[in-house]
Amino acid sequence: MGRRLTALLAVLVMLLLAACQGKPLPGGMEETALLDAGQEALLLLAGGDYGGVYGLLREDVAEALTAEDIRDLALRQLDGAGVYKQIESRMATGQSSDGEDYGVAVFYCEYSKKDVLVRLAFDPDYALIGLEIKKQ
């Protein structure tokens, strides 16, 4: 599991580091639909429903992971943040990597002890292809 999780993190970091430069969403993607899909995944994460998050993954991404990998990532990244309270702000941006265009839903969340940044990458069909969780 350690290698798989490390590989996932490397791919996610590569995908999401590009999120620093905002671009238009891929053709056919709508900001509201992207943010709604991101919020659904975020609330599943915050509620501890890692199997639900896993179910949102695109098939090729899901083949490399398990719900336990997502749980381990979330628990490690949220350690010390406290209890989820609310979304403080959100935004959407388009990105591309290795010839694939995708949308990223970015959420700034209030937890009881620390704020948390969550980035969720979706393909143009709104299948989850990556996520990043980071305490602020």
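The figures that follow rest on heavy atoms only: side chains count, while hydrogens, waters and symmetry mates do not.
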Inset, instruction - Specify the closest pair of heavy atoms between G82 and S112, including all atoms of both residues, with the distance to one decimal. - result: CA-OG, 3.2 Å
Legend entry - D123 (side chain) donor-acceptor with D125 (main chain) under 3.5 angstrom: yes
Legend entry - Main-chain N/O of T66 paired to D69 side chain as donor or acceptor, under 3.5 Å: yes
Inset, instruction - Please list, chain by chain and in numerical order, all residues satisfying ring-ring contact (aromatic ring centres under 6.0 Å, His included) with Y84, sequence neighbours excluded. - result: Y111
Legend entry - Beyond-backbone contact of L128 with V61, side-chain heavy atoms, under 4.5 angstrom: no
Legend entry - Residue pair V118 / L131, side-chain heavy-atom distance below 4.5 Å: no
Inset, instruction - Show your working on side-chain contact (heavy atoms from CB on, under 4.5 Å) between L45 and Y50 and close with a plain yes or no. - result: CA-CA 6 Å; L45 274 171; Y50 309 113; 4.2 Å; yes
Inset, instruction - State the NZ-CG distance between K85 and D115, to the nearest 0.5 angstrom. - result: 10.5 Å
Inset, instruction - Work out which heavy atom in D101 is nearest to a heavy atom in P124; give both atom names and the distance. - result: O-CD, 3.4 Å
Legend entry - Spatial distance of atom CD1 (I133) from atom CG (L73) [nearest 0.5 Å]: 4.5 Å
Legend entry - Partner of Y126 by side chain to side chain contact (heavy atoms under 4.5 Å, CB included), out of E30, R58, E40: E30
Legend entry - Closest contact, heavy atoms only, A81 versus V116: CB-CG2, 3.9 Å
Legend entry - Member of I129, L25, L34 meeting the side chain to side chain contact (heavy atoms under 4.5 Å, CB included) criterion with F122: L34
Legend entry - Approximate separation, where rounding is to 0.5 Å, of L65 CG and L57 CG: 6.0 Å
Legend entry - Residue Q136 excluded, over 12 heavy atoms near CD under 6.0 Å: yes
Inset, instruction - Search all heavy atoms of A121 against all heavy atoms of Y102 and return the closest pair with its distance. - result: CB-CD1, 3.9 Å
Legend entry - Value rounded to 0.5 Å, distance of CG in L78 from NZ in K114: 12.0 Å
Inset, instruction - Find the distance between CD (E68) and OH (Y54) and round it off to the nearest 0.5 Å. - result: 9.5 Å
Inset, instruction - Provide the closest heavy-atom pair for L35 versus A105 in the form atom of the first, atom of the second, distance. - result: CD2-CB, 4.1 Å
Legend entry - Non-hydrogen atoms of G94 and P26 that approach each other most closely: CA-CD, 4.3 Å
Inset, instruction - Can you establish whether the number of heavy atoms outside K113 located under 6.0 Å from its atom NZ is more than 12? - result: no
Legend entry - Inter-residue atom distance F107.CZ - M91.CE, 0.5 Å rounding: 11.0 Å
Inset, instruction - Look at the side chain of K135 and the backbone N and O of D79, then say whether any donor-acceptor pair between them is shorter than 3.5 Å. - result: yes
